[in-house]
2 protein chains.
Amino acid sequence: MAKRVGISDVAARAGVSPTTVSHVLSGRRHVSEVTRARVRSVMDELGWEPNQLARSLRMQRTLTIALIVPDITNPFYPSVARGLLDVVSEPGYQVLIGNTDGSPSAEKDLVARMVTRSVDAIVFAGYYSKSSDVAAAVEAGIPVALMGGRRASAGIDVLTSDDLAAGEIATRYLIGRGYHRIAFITGASGDGPPADRVKGYRRALTSAGLRFNSQLIVREEFSRAGGAAGMEKLLELHKPPRAVLCTNDMVAIGALDVARARGLRVPDDLAVMGFDDIEAAALISPSLTTIAGDPREQGRAVGRVLLGRLAETATTASLPQRILFAPSVVPRESA
Amino acid sequence: MAKRVGISDVAARAGVSPTTVSHVLSGRRHVSEVTRARVRSVMDELGWEPNQLARSLRMQRTLTIALIVPDITNPFYPSVARGLLDVVSEPGYQVLIGNTDGSPSAEKDLVARMVTRSVDAIVFAGYYSKSSDVAAAVEAGIPVALMGGRRASAGIDVLTSDDLAAGEIATRYLIGRGYHRIAFITGASGDGPPADRVKGYRRALTSAGLRFNSQLIVREEFSRAGGAAGMEKLLELHKPPRAVLCTNDMVAIGALDVARARGLRVPDDLAVMGFDDIEAAALISPSLTTIAGDPREQGRAVGRVLLGRLAETATTASLPQRILFAPSVVPRESA
DNA sequence: CTGAAAGCGCTTACAG
DNA sequence: CTGAAAGCGCTTACAG
């Protein structure tokens, strides 16, 4: 590899100053037709492209967005990444990914690293996203989009799926199909998305004039085994449910395992519904009716919000927003 | 946000030169105990961390690795990304992701962009990875790891799954379980991984003393529908196969659909095997026996190779390597 | 319409 | 043991 050519090489060869070369590139000041043509041809000839590093240092922006997630291996996040890339690539941004495994120290560390790298913006998704996780970025004046947070605050826009609506929509769907005795297999109580889904379930029951029965809420692990255990418990009830909502698709698959083992017909004897629409939901048999957000669209929305922030000036800045993504039913065989 | 503090602020406050501050940070030259302690405390006090951009420009390395893939949404790639992060994060590298959709122009474009951004290394995975795709990087002296390429060349290490071995291993597994009439549902002929899998299948048959029968190779789309279509064709044969190898798991799931519809018992009447071990393979019923590489480990291997290249000097440089990843059988219910 | 010079924030030969 | 100065490769006030 020969010595990399720089702007001054181009300038010398074209018989102009680096200033002028820079201006033909940026178009930020008029350059005479002939000069411009000459510079352009020298650029092509030498194959020169401006070094982004130097440019970034000088212009104080890197055209880089950090995407910090708990586990890039969880299919939700690649879809978000895709959506983000969909909208930010065109204006020239690249995305830097960071994986935290949900560890608070890794989260802090990664945010700090991204700050020292002068990323232009950060999208942060933690299992329990809190604004304190991104304090270092906010302090440095870097706009952040928090996925899954409870509320927006200065410098932090929040974008999250509407889990309460998800629970409501799922429940209304089952009620609409004639199921009145509906159970819910969820996890340990807390106040994350699972709790919101249960809240939506209660709300939908109430507004349909159905009684909420706490016996029909069972708490298990968020796994296939948890779903199976929950289903067993429900079937031991004096009056077992006719339909069961499961806090996520893996739990629903566990519930279906039990239904199959017991010889129950799904959805006739028992309807089963999950949340998230993982890839397997469509592939198992019976296929799983579930509630889906659109992670790629969420990624796009995040990109748009951030691009908006990056285009703002101090005087045009709008208030931090909280954007909720409405989910919808993906009807399949199980309910 | 106050004006960002720089190395000269730290130096001034500690009563030393920026040179010294830099050296206490890098440890590349001795600094007296007391000075070092003073500088350190000022660093903490002001919360100063060196601006990576400036550092990169000066040191001519960015501690950044680009990962260019066709579709980050294909679960194979997030796993590779994870493995890559596993090994490169510790020494301080970050990874920049690029999505090409397999478009040759997007591939060239992304490689070029990564070069202008002075990434330290590139891992490139195309659907049909060729070294010409990364020519710009090689010219710029940036080491590249090509995933899926046919051969290594100057500046390009190749790491790829051993599809020939995969086909052989799968076939031997079926033979070992007593299946002798084994079909293969694959795609249009070509010379990518699918063709290698078929080649391995032929080789295993031959070395087991079984006859290769071209009627038992059917070519369909790489999809669930393709798998179903292929299975139908095979069942129409005068003597249908007792076992079928499918070029990937989605195709295998299509084959299983047909088996279920026809009331065939799997694996007694018909054994079905796929390749790749997608998430759904374990979740469907009967669960799918398949062949798995270990994408995360592949990502780790890529990271190690690249880190090795980055540590090399002109004199210590070793020849480009081609590394093959051996797959293994994941035995489940379907075969 | 164009250029010389300063500066983004560091590191590192060079000198003492 | 330490510092002054040059330089990484650009962009942009400032001046003409």
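Quick note on labels: first sequence line is chain A, next is B, and so on, each numbered from 1.
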Please report the distance, rounded to the nearest Å, between [atom1] in [X] and [atom2] in [N].
| X | N | atom1 | atom2 | answer |
| --- | --- | --- | --- | --- |
| B:His23 | C:dA13 | NE2 | P | 9 Å |
| B:Leu53 | C:dG7 | CG | P | 19 Å |
| B:Met59 | C:dT11 | CE | P | 7 Å |
| A:Leu46 | D:dC10 | CG | P | 12 Å |
| B:Arg38 | D:dT2 | CZ | P | 8 Å |

Scan [X] against the nucleic acid and name what it touches under 4.0 Å (heavy atoms): base, sugar-phosphate only, or nothing.
| X | answer |
| --- | --- |
| A:Gln52 | nothing |
| A:Thr20 | sugar-phosphate |
| B:Ser8 | nothing |
| A:Ser56 | nothing |

Residue whose nearest DNA chain D nucleotide is more 5′ - B:Arg58 or B:Ser32: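 Residue closer to the 5' terminus by nearest nucleotide: B:Ser32.
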
Phosphate OP1/OP2 of [N] contacted by [X] side-chain N/O (<4.0 Å):
| X | N | value |
| --- | --- | --- |
| B:Gln60 | C:dT11 | no |
| A:Thr19 | C:dA4 | no |
| A:Arg28 | D:dT11 | no |

Judged by modelled atom types alone, do [X] and [Y] share a side-chain donor-acceptor pair under 3.5 Å?
| X | Y | result |
| --- | --- | --- |
| A:Ser118 | A:Arg61 | no |
| A:Ser103 | A:Thr100 | no |
| A:Thr19 | A:Ser22 | no |
| B:Arg117 | A:Thr64 | yes |

A:Pro18 or A:His30, whichever maps to the more 5' nucleotide of DNA chain C: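 The residue closer to the strand's 5' end, by nearest nucleotide, is A:His30.
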
Residue whose nearest DNA chain C nucleotide is more 5′ - A:Val31 or B:Leu57: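 Its nucleotide being nearer the 5' end, the pick is A:Val31.
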
Sidechain N-carboxylate O distance under 4.0 Å for A:Asp101, B:Arg82: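 Judged by the 4.0 Å cut-off on N to carboxylate O distance, A:Asp101 and B:Arg82 do form a salt bridge.
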
Base-pairing assignment for C:dA13 (Watson-Crick or G-U wobble, both under 3.5 Å):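 Its partner is none (no Watson-Crick or G-U wobble pair with both distances under 3.5 Å).
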
G-U wobble or Watson-Crick pairing nucleotide for C:dA4 (cut-off 3.5 Å, both distances):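 In the structure as shown, C:dA4 has no Watson-Crick or wobble partner.
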
C1'-based separation of D:dG16 from D:dT12 [nearest Å]: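 Result for the C1' pair: 16 Å, nearest Å.
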
Under 3.5 Å donor-acceptor pair, A:Arg29 side-chain atoms to C:dT2 base atoms: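 Side chain to base: pair found, below 3.5 Å.
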
